[in-house]
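Structure, as structure tokens:
Just so you know, these numbers use all the heavy atoms, side chains as well, and skip hydrogens, waters and symmetry mates.
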Amino acid sequence: MTEISKTYNPREVEDKWYSYWMEKKFFHSVPDEREPYTIIIPPPNVTGVLHMGHMLNNTIQDVLIRRARMLGKNACWVPGTDHASIATEAKVVAMLKEKGIKKSDLSRDDFLKYAWEWKEKYGGIILEQLKKLGCSCDWDRTRFTMEDSMSEAVIDVFIDLHKKGYIYRGHRMVNWDPAGMTAVSDEEVIYKEINSKLFHVRYKLVNEDNSPLSFGEGQGSEAWITIATTRPETILGDTAICVHPEDERYKHLKEKRAIVPMVKRSVPIIFDEYVDREFGTGALKITPAHDVNDYALGNKHKLDIIDVINPNGTMSESAKFYVGEDRFIARKKIIKALEESGNLVKIEDIKNKVGYSERTDAVIEPKLSRQWFVNMKDISKPALDAIVNGDVKLIPDKFINTYKHWMENVHDWCISRQLWWGQRIPAWYDEKGNTVVAKTHEEALQLYNIQYPTSNIQHLRQDEDVLDTWFSSWLWPISVFDGFKDPNNADIKYYYPTNDLVTAPEILFFWVARMIIAGYEYRGEKPFSNVYLTGIVRDKQGRKMSKSLGNSPDPIELIEKYGADGVRVGMLLCSPAGNDLPFDESYCEQGRNFSNKIWNAFRLVKMWETDEKLKQSDGNKISIEWFNAKFNAELESINNLYFKYRISEALMATYKLIWDDFCAWYLEMIKPEFVDGKSLPIDKATYDATIHFFEKLLKIIHPFMPFISEELWHLIGERKEKECIMMADWNTIQKYDSKIIRDFEFIQEVISKLREIRKNKNIPKTVRFQVSTKFQENENCTKQYEHHIYKLCEVEKITYNSSEKYSHNFTIGQWGFSITNFSSEKIQDDKENLLKELDYNKGFLLSVQKKLANERFVQNAKPEILEIEKKKQADAEAKIKAIEEQLASLK
RNA sequence: GGGAAAUUAGCUCAGUUGGUUCAGAGCACUACCUCGACAAGGUAGGGGUCACAGGUUCGAGCCCUGUAUUUCCCA
């Protein structure tokens, strides 16, 4: 026999099998008569490298797809990446900077050339990493959200939704970076808590007609209202003062106005519950052009909007004061001016959060700008219904509430981004800002000339902005099958709707909800049936793993260290659906140890030599019957766990079936004895059955551990070219006798107890036990499993129907056992244990009896519950009897 | 500020419509074991007032109310 390594070495097998699977086109799917099972990958960013979240997410997808394939379905897992406009553009800008090129010096086309170059060079890294993990994606179907046909779909959808009236252009507050002269996304704003000053400033009150207002009696008792602000420079853009309608301090100010200091503008006092009465003075100045909340209030109360800050962060013409000066210098000067005019009431120290640009570290300026929006209210209705009525299931369903709440209060979706990398918005403008939406300049001109026949214009300017990346990804389930270009093609008809989507709860709204919306809008059908929401991978301190924190281990290094199978198992062991998982490498270690355990079980079996002439022992026969029953029972439960998407529990059940039932019990039961430095041969029937079991077990672990299962599958038997485990059939459940399982559980208890006694009494294994029982051979199953007891805990003989007195007694259930062949000085221990057990059981009996004596219980409890209680009573009585007998038989 | 969820062993989680004296699993931990598959192992063992306080019920980890803590989403 050739030497097999003592430990499993994943490096030697993983690449080998992955290439083999690829060569044989096992991952590739084409429509046929079988039932399809489809997963579309949540497309990772092209900028991305594999992180722990991807590992978890894609492991789950691979488990699902591999099992579906084994179940005989036509399994298709479509991979791909998205173009991630913000992240990619940032990467490209950074790369150019290193080369000494500024984005602003490049034309749009030149910039895009660099961007595509970058994408070609780095955009495929993450997909290659998925291969290392073992992902069985149909790589022939790899898609990218910015490839031509997908971009075309995006543009067509924009035009279509615009036609249908869902898309409009409106105002919105964006995070403006005055240093970078660009809008940045919410994700790129870093909020820092800083020490600030809260300035209390008084505004003079006047009547509605701006006539002076006085509440006091004497002279000079003009009326004032004091507001508090951290940004006095925006006072110049104030267009209202807001107070709480129930604030007693300000109730008398209905229909009054205030005069903004310096600019002397008269603004209304408005009343809104938005105001926090406790903060500052309870009076809030409203600057709709420079604060998100103020903007919302401004809309609500129809206030004027005065933009007092230029894009570069200096004061604008409309500010009237300090025009052209930086906002922070203006702030200082205004404070001084207010102080001098006596309008600065006081200065308070406070801590507040201020947003900074991730890229330039400049203080973010909320700025009003024109953007494109999707009106979500009507279009999203089917997507709300789909989840509520269960057409699309969320796993776990605790997310339904959150989803519902969001969808019922859905906000319009801002889809324009001030970037170049992405699909350019197909909107065209003339000098006056008249707008048409069309696919090309030519079409735009035609349309324009119809809509504005008098203008007679030759050229229109296209919108500079691109579309939000989500505006591509929400079409993903349809566009990967070319469902826009060719709505009746064979692929989309066969694969759509897809089956399971595996993703993170944090993008439930950004992505999942929108895909459902698009699905109903463009296919009249849901895009997938189940959404499995994974947890967020965190570090030990509970922080989300992220690139910026640098707290994520390198997944590829983990794979090298523990093997892909080990890492996959490690990720899954601790990740029930929807729960966060604080990652720890020790999980991967456990996965690796499991690989090794399976490997060594194989080594053991492979070592045995068979003897054709050897007759199968009863012990072996019964072992096989038992494991067969146990296997099928567990298979049933594993199938059920898969059905409920309890993947980590299915894995744990598999783990225990292999480690405990197969390795620790079954193999030990049938293991041939070792005599004179040599293993005795094993009978052929037992050997064959064992190999058969092993193959079935390998099938169960294949979805979790594709590599080791494939390797052993080929080492354990002769296979033809395409006979791979990944293409094998999933096991079917065979009839089994569950009594065998129950009987053997009893035997396991007996064996454990005997081992425990041996250990506690320090009896060496060379001393074999003589065991006696009071019961007859046919009273329970002990006799049938005698051989196992002999073998697994060094028992020499069991005598039934014995009435001797012995020193070591114990009971399992209602059956008493005694060890007879040695005397111990520690009888006291046994006595104590038996007394303890007796005590416990008597207490238990008492509680049951009490319950049964309780009239209200007997009246109210269901009949089956009553039956159970009566059985408990009988069992407890039998147990007590057995223990008492054992006590009596002690020497 | 509004909404949602969670809290069970040192850690990560199970615990089905309330019904065995009532708490399970894996890892970690402790003790013993180099016994020819595996020390990445074997055997056995010790860990929990089910966040807290009330309530409903014959009976509560499970249902209700409140409190505390944590997390997430939205603003």
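- Looking at heavy-atom distances under 4.0 Å, A:F602 makes no contact with the nucleic acid at all.
- A heavy-atom distance below 4.5 Å is found between the side chains of A:W599 and A:I4.
- Rounded to an integer number of Å, the gap from CZ of A:F662 to C1' of B:A37 is 12 Å.
- Taking 4.0 Å as the cut-off between side-chain N and carboxylate O, A:K644 and A:E649 do not count as a salt-bridged pair.
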Report the C-alpha distance between A:K881 and A:E884 in whole Å, list the side-chain angles of each, state the deciding distance to 0.1 Å, and finish with yes or no for salt bridge (Lys or Arg N to Asp or Glu O under 4.0 Å). CA-CA 5 Å; A:K881 192 170 158 244; A:E884 279 171 342; over 6 Å; no
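- Nearest to the side chain of A:K851, among B:C74, B:U21, B:A37, sits B:U21.
- The residue A:E867 sits apart from the nucleic acid: no heavy atom pair falls under 4.0 Å.
- The side chain of A:R755 places an N or O atom within less than 4.0 Å of a non-bridging phosphate oxygen (OP1 or OP2) of B:A44.
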Let me see the working for A:K871 and A:D875 under salt bridge (Lys or Arg N to Asp or Glu O under 4.0 Å), right down to the final yes or no. CA-CA 6 Å; A:K871 181 156 189 310; A:D875 286 353; 3.1 Å; yes
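- Here the P atom of nucleotide B:A6 and the NZ atom of A:K398 are 7 Å apart, to the nearest Å.
- Across all strands shown, the partner of B:C72 is B:G3, judged by Watson-Crick or G-U wobble contacts whose two distances both fall under 3.5 Å.
- In this structure, B:G47 shows a glycosidic angle within 90 degrees of zero, which is the syn conformation.
- Contacts of A:F594 with the nucleic acid, taken as non-hydrogen atoms under 4.0 Å apart, are absent.
- Set against B:A37, B:A25, B:U20, the side chain of A:M652 has B:A25 as its closest nucleotide.
- Residue-level contact check: A:A664 touches the backbone only, with heavy atoms under 4.0 Å from sugar-phosphate atoms and none from bases.
- For A:Y403, no side-chain nitrogen or oxygen approaches OP1 or OP2 of B:C74 to under 4.0 Å.
- Residue A:S595 is out of contact with every strand shown, counting any heavy-atom pair closer than 4.0 Å.
- Of all nucleotides listed (B:C38, B:A75, B:C73), B:C38 comes nearest to the side chain of A:R603.
- In the set B:A40, B:U21, B:C74, the nucleotide with an atom closest to the side chain of A:H411 is B:C74.
- Below 30°, between 30° and 60°, or above 60°: for A:F602 and A:F694 the angle between ring planes is above 60°, a perpendicular geometry.
- A:R646 comes within 4.0 angstrom of sugar-phosphate atoms only, judged by non-hydrogen atoms across all strands, and of no base.
- Among the atoms of the strands shown, none is found under 4.0 Å from any heavy atom of A:S586.
- Nearer to the 5' terminus of RNA chain B, by closest-nucleotide assignment, is the contact made by A:H405 (compared with the other of A:W665 and A:H405).
- Which of B:U57, B:C74, B:A37 sits closest to the side chain of A:R856 comes down to B:U57.
- In this model, the phosphate group of B:U43 is not approached by any side-chain N or O of A:K765 to a distance below 4.0 Å at OP1 or OP2.
- Here the side chain of A:W659 is nearest to one of B:U21, B:G42, B:C73, namely B:G42.
- Between A:F662 and A:Y666, the two ring planes are parallel [angle under 30°; tilted spans 30° to 60°].
- An OP1 or OP2 oxygen of B:A44 is reached within less than 4.0 angstrom by a side-chain nitrogen or oxygen of A:S752.
- Ring geometry for A:F744 against A:W665 counts as perpendicular: the plane angle is over 60°, on a 0 to 90° scale with 30° as the lower cut.
- Summary of the strand contacts: A:A601 and A:Y587 both lie near RNA chain B, and taking for each the nucleotide with the nearest heavy atom, the more 5' one is attributed to A:Y587.
- Listed nucleotides B:U21, B:A39, B:A37 differ in distance to A:N600; the shortest reach to its side chain belongs to B:A37.
- Listed pair A:K6 / B:A39 meets the phosphate criterion, a side-chain N or O lying under 4.0 Å from OP1 or OP2.
- Straight-line distance from the CG atom of A:N401 to the P atom of B:A6: 10 Å, rounded to whole Å.
- For A:E756, taking side-chain heavy atoms from C-beta onward, the closest of the listed nucleotides B:A44, B:C38, B:G15 is B:A44.
- Checking B:C32, B:C74, B:A40 against every side-chain atom of A:K759, the shortest atom distance belongs to B:C32.
- Residue-level contact check: A:E649 touches the backbone only, with heavy atoms under 4.0 Å from sugar-phosphate atoms and none from bases.
- Among the heavy atoms of the strands, none lies under 4.0 Å from A:K871.
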